[in-house]
Asker: 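Next up is a structure, given as structure tokens.
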There are 2 protein chains.
Amino acid sequence: MNDRLTTTSYAVLTQVAVRPWSSYELAQQRVRYFRYVWPRAESAIYREVKRLASMGLLDGRKEYTGRRSRTIYSITDDGNEALREWLGTPVAPFSMDFEAILRLFIAPLGTKDDITSTLKQVRADTQEMLRFAGEVKQEFIDGINPTQDQIYLRALPVDFFISLLNTVDAWVDRTLAEIETWDDLMASEEKNSRALEKIRHMPVDTPDEPLKDISKPPESQTLRRS
Amino acid sequence: MNDRLTTTSYAVLTQVAVRPWSSYELAQQRVRYFRYVWPRAESAIYREVKRLASMGLLDGRKEYTGRRSRTIYSITDDGNEALREWLGTPVAPFSMDFEAILRLFIAPLGTKDDITSTLKQVRADTQEMLRFAGEVKQEFIDGINPTQDQIYLRALPVDFFISLLNTVDAWVDRTLAEIETWDDLMASEEKNSRALEKIRHMPVDTPDEPLKDISKPPESQTLRRS
DNA sequence: GGACACATGTAACGGGTTACATGATTTC
DNA sequence: GAAATCATGTAACCCGTTACATGTGTCC
């Protein structure tokens, strides 16, 4: 049997480290809390807890409601040790899947309505996530979040999440506004020169200019292009 | 044989729509251009082009260099039609994998050095991506980007990408600064009340307050929590 | 007491990754 | 002419998803 631990393994361990849960609760609450930074299907959680239990990192105890059983998992010492070791290993880089961006590249194959609908859907998604973030914020303010005593840690991801969503939201808004000014989706001199002017002002250093952040060690400037 | 099209299929089709490529070039250039919005392993591309060719959406032509062959793919009319139809379907929601955030939750299991190293690694990653974005910006300014004539479209993802990276970068900086002020990683009254004060000022509406954006249709406010 | 939603999972398939393989080209 | 690197893929494993299944409370 395979006993390599993936980030999903550690994500599950992380949650069980808080307190014991049944598989079902775990799957539900993972969706609530980690959905946005490590989204996985519920069934992946069911398989993962069994694997972790068979490796001795979780301890599974059966309970019964009538004829039907459920399993409550708690973390073992080995499980905690595995988490501790994980913290010292290199972290997986941030990555994302953003289909709407792909569609932009070939937007002229479809209609203007296609692409604006796509972008509005993205906005609806981010605003739903922002609504959720607002709920969590309110829970902490009201002092009723289950992890209230860890608010000094939890505030960090919440901060990240809100910043990110506002960034995406603002981008969608100005992108929709730009596209609304277009008569069609075809290339034109005017569109292209407007875009060039915008690109000039985008907040990133170009290779010919001095770099903004000089607090970093210099070898990071010599990384080869992949 | 299975002929369901995934977003990865469309990502490949999108790229081949620009011009013909060999599988190898495709895999390389995908890494360059789509790495950040739809990252996939190169071998996935090799399998995908064969699948798309067998479905008639790509046309594969063999070339030889000595005894060794390679295949050049170009898009067919059916391939273009598939792309066009795709643009009218619901888009997959934005999602991300961000392991560093998971580690924050259990940071006290490790050392302060563990967590700051993790965050510095994230910063190094985002700054490498920003460096790449700066190169692309410069290419457009110099008028030498291969998609220069489509700059009115390409500027939109570039804008997104730069905004996102700057947001992540700024978050990492203030998070590192916060953690630097800590003596240890344990919970404390002081850390928690500071965090609460920060949360109060985070830029997101809470459920008890009037909503910022009233330009949206009202039913989006009534979405059920999942 | 039937319908329906919630609770608690399992099975099977396929997309994604890691590892490997081999021919051509360049370097020194 | 040996070694290293680039070009061009293939094989196999396994993580993740979709679909399904069955038991239990609850509503009316």
Side-chain angles (χ1 to χ4, degrees), chain A residues 1-12 20-32 34-35 37-55 58 60-73 92-93 95-97 99 224-226, chain B residues 1-13 20-32 34-35 38-55 58 60-73 92-93 95-97 99 224-226:
Chain A
M1 101 157 231
N2 168 21
D3 57 357
R4 238 192 72 246
L5 294 175
T6 66
T7 300
T8 301
S9 318
Y10 293 113
V12 171
W21 314 68
S22 75
S23 328
Y24 181 75
E25 286 174 318
L26 259 182
Q28 296 300 309
Q29 293 301 107
R30 267 205 93 262
V31 163
R32 178 167 164 82
F34 294 156
R35 174 170 38 161
V37 292
W38 202 259
R40 294 298 181 269
E42 300 183 14
S43 69
I45 312 306
Y46 286 106
R47 187 174 39 194
E48 195 61 35
V49 285
K50 285 203 294 189
R51 221 171 62 96
L52 292 171
S54 80
M55 293 165 60
L58 290 182
R61 180 171 44 84
K62 283 222 167 187
E63 287 189 353
Y64 283 86
T65 324
R67 225 170 46 251
R68 143 162 244 181
S69 78
R70 64 175 184 167
T71 316
I72 312 288
Y73 289 96
S95 87
M96 68 180 154
D97 283 3
E99 185 183 304
R224 305 291 304 286
R225 179 186 316 188
S226 65
Chain B
M1 103 157 230
N2 168 20
D3 57 358
R4 239 191 71 247
L5 293 176
T6 67
T7 300
T8 301
S9 318
Y10 293 114
V12 171
L13 281 176
W21 313 69
S22 74
S23 327
Y24 180 76
E25 286 174 318
L26 258 182
Q28 297 300 308
Q29 293 301 106
R30 267 205 92 263
V31 164
R32 177 167 165 83
F34 293 157
R35 174 170 40 160
W38 202 259
R40 294 298 181 267
E42 300 182 14
S43 68
I45 311 307
Y46 286 107
R47 187 174 41 193
E48 196 61 35
V49 285
K50 286 203 293 189
R51 222 171 62 95
L52 292 170
S54 80
M55 293 165 61
L58 290 182
R61 180 171 43 84
K62 283 221 167 187
E63 287 189 352
Y64 284 85
T65 325
R67 226 171 45 253
R68 141 161 246 180
S69 77
R70 65 175 183 165
T71 317
I72 312 287
Y73 290 96
S95 88
M96 67 181 155
D97 283 3
E99 185 183 305
R224 304 292 304 285
R225 179 187 317 187
S226 67

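No experiment lies behind these values; they were computed from the predicted model shown. Values below: all heavy atoms of this structure, side chains included; hydrogens, waters and symmetry mates excluded. Chain identifiers are assigned alphabetically (A, B, ...) following the order of the sequence lines, protein sequences preceding nucleic acid strands; residue numbering begins at 1 within each chain.
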Asker: Between A:Q29 (CD) and C:dT8 (C1'), how many Å, whole number?
Answerer: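 Checked: the CD to C1' distance equals 15 Å.
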Asker: From CH2 of A:W21 over to P of C:dT8, roughly how many Å is that when rounded to an integer?
Answerer: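 It works out to 14 Å between those atoms.
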Asker: Distance under 4.0 Å to a non-hydrogen atom of chain A counts as contact; along DNA chain D, which nucleotides mark the start and end?
Answerer: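 It runs D:dC14 to D:dG25.
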Asker: Compare every heavy atom of A:D97 with every heavy atom of B:P39, then report the nearest pair and how far apart it is.
Answerer: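 Smallest heavy-atom distance, with atoms named: CD-OD1, 3.6 Å.
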Asker: For the base of C:dT17, is there a side-chain donor-acceptor partner from B:S43 under 3.5 Å away?
Answerer: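 Pair found.
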Asker: Which whole-number value in Å describes the distance from A:Q28 CD to C:dT8 C1'?
Answerer: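 Taking atom C1' of C:dT8 as the reference, CD of A:Q28 is at 10 Å.
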Asker: Side-chain N or O of A:Y24 less than 4.0 angstrom from OP1 or OP2 on C:dT8?
Answerer: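 Result: no.
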Asker: Find out whether A:Q28 and A:I45 are in side-chain contact, i.e. whether some heavy atom of one side chain is under 4.5 Å from a heavy atom of the other.
Answerer: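 The answer is no, as the side chains (C-beta and beyond) never meet within the 4.5 Å cut-off.
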Asker: What's the spacing between A:F34 CZ and A:L26 CG if we round to 0.5 Å?
Answerer: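 Here the interatomic distance stands at 10.0 Å.
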Asker: Just to confirm, is there a sub-4.0 Å distance from OP1 or OP2 of C:dG16 to any side-chain nitrogen or oxygen of B:T8?
Answerer: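 Yes, within the criterion.
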Asker: Mind listing the closest non-hydrogen atom pair of B:S22 and B:I72 along with its distance?
Answerer: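 What the structure gives for the nearest pair is CB-CD1, 3.8 Å.
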Asker: Using atom CZ of B:R51 as one end and atom C1' of C:dG14 as the other, report the distance to the nearest whole Å.
Answerer: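 So the CZ-C1' distance, B:R51 to C:dG14, works out to 9 Å.
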Asker: Return the value, rounded to whole Å, for the distance between atom CG of A:L26 and atom P of C:dA7.
Answerer: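 It works out to 14 Å between those atoms.
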Asker: Taking only residues two or more places apart in sequence or in another chain, which ones pass ring-ring contact (aromatic ring centres under 6.0 Å, His included) with B:Y73?
Answerer: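 Listed in chain order: nothing, the list is empty.
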Asker: Answer yes if the side chains of B:T7 and A:E99 hold a donor-acceptor pair under 3.5 Å, and no otherwise.
Answerer: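 Per modelled atom types, B:T7 and A:E99 side chains form a pair under 3.5 Å.
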Asker: Whole-Å distance between C:dT25 P and B:Y64 OH?
Answerer: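 From B:Y64 OH to C:dT25 P: 16 Å.
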Asker: Looking at every non-hydrogen atom in both residues, tell me the closest pair between A:S9 and A:L52 and how far apart they are.
Answerer: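 Of all heavy-atom pairs spanning A:S9 and A:L52, the closest is O-CD1, 3.9 Å.
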Asker: Using nucleotides 21-24 of chain C, report all nitrogen or oxygen pairs with the protein that are shorter than 3.5 Å.
Answerer:
residue, atom, partner, partner atom, Å
C:dG23, N3, B:R68, NH1, 2.9
C:dA24, OP1, B:T65, O, 3.2
C:dA24, OP1, B:R67, N, 2.5
C:dA24, OP1, B:R68, N, 3.0

Asker: So what does A:K50 touch, heavy atoms closer than 4.0 Å: a base, only the sugar-phosphate, or nothing?
Answerer: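 A:K50: backbone/sugar contact only, no base atoms under 4.0 Å.
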Asker: By nearest heavy atom, map A:E42 and B:T71 onto DNA chain D; which one lands nearer the 5' end?
Answerer: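 The residue closer to the strand's 5' end, by nearest nucleotide, is B:T71.
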Asker: When you measure from the side chain of A:R30 to the backbone of A:W38, do you find a donor-acceptor pair of N or O atoms at a distance under 3.5 Å?
Answerer: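 Checked: pair present.
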Asker: When you measure from the side chain of B:R51 to the backbone N and O of B:R4, does any donor-acceptor pair fall under 3.5 Å?
Answerer: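 Answer holds: yes.
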